[in-house]
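Since this is a predicted model, take the numbers as computed values, not measurements.
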Amino acid sequence: MEKYIVGIDLGGTNIKAGLFDEHFTALEELSIPTEAQLGPAHVLERIRLAVTQLCAGSGTYESQIACMGMGIPGLLDPEEGLSVFSPNFPGWEQVHVVNEMKPYYSFDVYIDNDVRVNLYGEWQRGAGQGHNHLILLTLGTGLGSGMVHDGKVLYGTTFSAGEIGHMNMFRQGRPCRCGSSGCLGRYVSAVGMVNTFKEKLGAGRVSLIQTWTKQDQEQITAKMISEAYDLGDLLAVEVMHETGELLGFGLANVINLLNPELIIIGGGMAAAGDRLLNSVRDTVNAHALKLSASRCRIVQAELGSRAGTLGAAVYAYQKQKHVQLIHSN
């Protein structure tokens, strides 16, 4: 009997879920509201509901599921199955996700950071296929990142390796929730780019976006900046260029340090495409070590919003195979 794999991408707004066969073809995919404000126990119940709906929608029994992978934002210990802290989930501290799921399922459950499961997806089934040295950046509300080096995902001592978004770019910069200031992610993210735009408006600059929002700066979005860029709005062009340039400086440091062959840009802000990436590439080429830069391509992610669920399934499948191999020896 064929076995199936569940992939869960836990977001602050929605839980995305997918049921895949062993070739990672999707049998069923869905999204339900997370309802994070109701606490950890409720969120875990919502995840179980998503699994039930996946099975019902695909005509699959839970006994046919081999394993489940879950991508969870924040700090965690994937070996222990423990989510230490997730910033957008009220009351979510020291939640032992795997233990909470064990009474309900006979199959194995594995957790990892949400960005790393996106990395597994793009590496194994998306833009990163065939590469052994690569980095994934997700540009959304913040800047997340994960790394593959010598064909292995980097985890680090506390499972928090690869936090490119917390590279300090300015000695006295914008405060960051990590406790530092001037972090790259405070500038290179959807929120960061919008804040840069607002700062320039506050200094007296003008933009056609002011007409679109009727002078309400709280309505400004990163998508608007891309649209204004296409219309030749000088401020939008400037802000997009500055954002890309700053990301380029950050990636030049990363390229010099890790010598990757591929950098994948994902997340909602990746939709800006070459509007952003042209400045990134120009800056990297000007400031990274020449040989390293010449061998590193910077590309857009291929899987989009499906990277999380697919990557979580890939991660769980590989994790289970590894565990089985250890036990067989």
Side-chain angles (χ1 to χ4, degrees), residues 4-21 23-40 42-58 60 62 65-74 76 78 83 86-89 92 95 97-98 100-101 104-105 107 109-128 136-142 144-146 190 264-271 300-319:
Y4 303 105
I5 307 110
V6 173
I8 300 290
D9 184 7
L10 179 60
T13 303
N14 293 305
I15 298 167
K16 296 176 184 175
L19 182 68
F20 303 88
D21 65 18
H23 303 288
F24 301 104
T25 300
L27 281 71
E28 186 79 8
E29 294 177 290
L30 58 84
S31 177
I32 63 173
T34 305
E35 300 176 357
Q37 72 279 6
L38 298 179
H42 182 78
V43 172
L44 294 174
E45 183 180 334
R46 298 289 291 170
I47 292 170
R48 294 192 290 271
L49 173 63
V51 175
T52 299
Q53 292 182 351
L54 285 175
C55 291
S58 61
T60 302
E62 287 185 6
I65 297 174
C67 54
M68 177 167 72
M70 301 171 60
I72 299 175
L76 47 75
S83 178
S86 195
N88 296 320
F89 291 77
W92 189 285
V95 179
V97 177
V98 171
E100 292 291 338
M101 291 296 177
Y104 298 91
Y105 300 126
F107 51 81
V109 177
Y110 304 98
I111 68 169
D112 205 343
N113 176 266
D114 60 334
V115 178
R116 274 198 295 264
V117 300
N118 272 265
L119 172 65
Y120 276 99
E122 287 290 345
W123 178 29
Q124 298 293 324
R125 296 285 157 175
L136 171 73
L137 270 64
T138 56
L139 305 181
T141 304
S145 52
I264 304 170
I265 308 296
M269 192 173 157
Q300 284 182 262
E302 291 182 0
L303 299 179
S305 61
R306 296 186 66 242
T309 53
L310 180 56
V314 169
Y315 165 71
Y317 182 80
Q318 293 184 350
K319 187 78 172 177

Working for side-chain contact (heavy atoms from CB on, under 4.5 Å), residues L10 and D114: CA-CA 7 Å; L10 179 60; D114 60 334; over 6 Å; no
Heavy-atom check, side chain of W92 versus side chain of V97, under 4.5 Å: yes
Side-chain heavy atoms of L76 within contact of R116, under 4.5 Å: yes
Min side-chain heavy-atom separation T34-R46 under 4.5 Å: no
Spatial distance of atom SG (C55) from atom OH (Y4) [nearest 0.5 Å]: 10.5 Å
Flag side-chain contact, heavy atom, 4.5 Å: L119 against I264: no
Closest non-hydrogen atom pair, S86 against P73: OG-O, 2.8 Å
Check: residues 13-20 side-chain donor-acceptor pairs under 3.5 Å, at least two apart:
none

Shortest non-hydrogen separation from A127 to Q300 and the atoms involved: CB-O, 3.9 Å
Main-chain N/O of V43 paired to E35 side chain as donor or acceptor, under 3.5 Å: no
Intermediate values then yes/no, side-chain contact (heavy atoms from CB on, under 4.5 Å), I5 and M68: CA-CA 6 Å; I5 307 110; M68 177 167 72; over 6 Å; no
Test item: T25 side-chain N/O and D21 main-chain N/O as donor-acceptor pair under 3.5 Å: no
N/O donor-acceptor pair under 3.5 Å between E122 side chain and L303 backbone: yes
Any side-chain heavy-atom pair of P78 and K319 under 4.5 Å: no
T52 (side chain) donor-acceptor with R48 (main chain) under 3.5 angstrom: yes
Smallest separation among heavy atoms of A312 and G71, with atom names: CB-N, 4.3 Å
Contact check, side chains of I72 and D112, non-hydrogen atoms, under 4.5 Å: no
Min side-chain heavy-atom separation T309-E29 under 4.5 Å: yes
Euclidean distance, N118 CG relative to L310 CG, rounded to 0.5 Å: 10.0 Å
Gap separating the CD atom of E62 from the OH atom of Y104, nearest 0.5 angstrom: 12.0 Å
M70 side chain near Y110 side chain, heavy-atom distance below 4.5 Å: no
Closest non-hydrogen atom pair between A26 and R306, with its separation: CB-NH2, 3.8 Å
Plane angle bin for Y315 and Y120 - parallel if under 30°, tilted between 30 and 60°, otherwise perpendicular: tilted
Minimal non-hydrogen separation, G266 against L136, with atom names: N-CD1, 4.4 Å
OG1 on T60 to CG on L27, rounded to 0.5 Å: 5.5 Å
Minimum heavy-atom distance between A36 and F89, given as atom pair plus value: CB-CD2, 3.7 Å
Worked check of side-chain contact (heavy atoms from CB on, under 4.5 Å) between D9 and S31: CA-CA 9 Å; D9 184 7; S31 177; over 6 Å; no
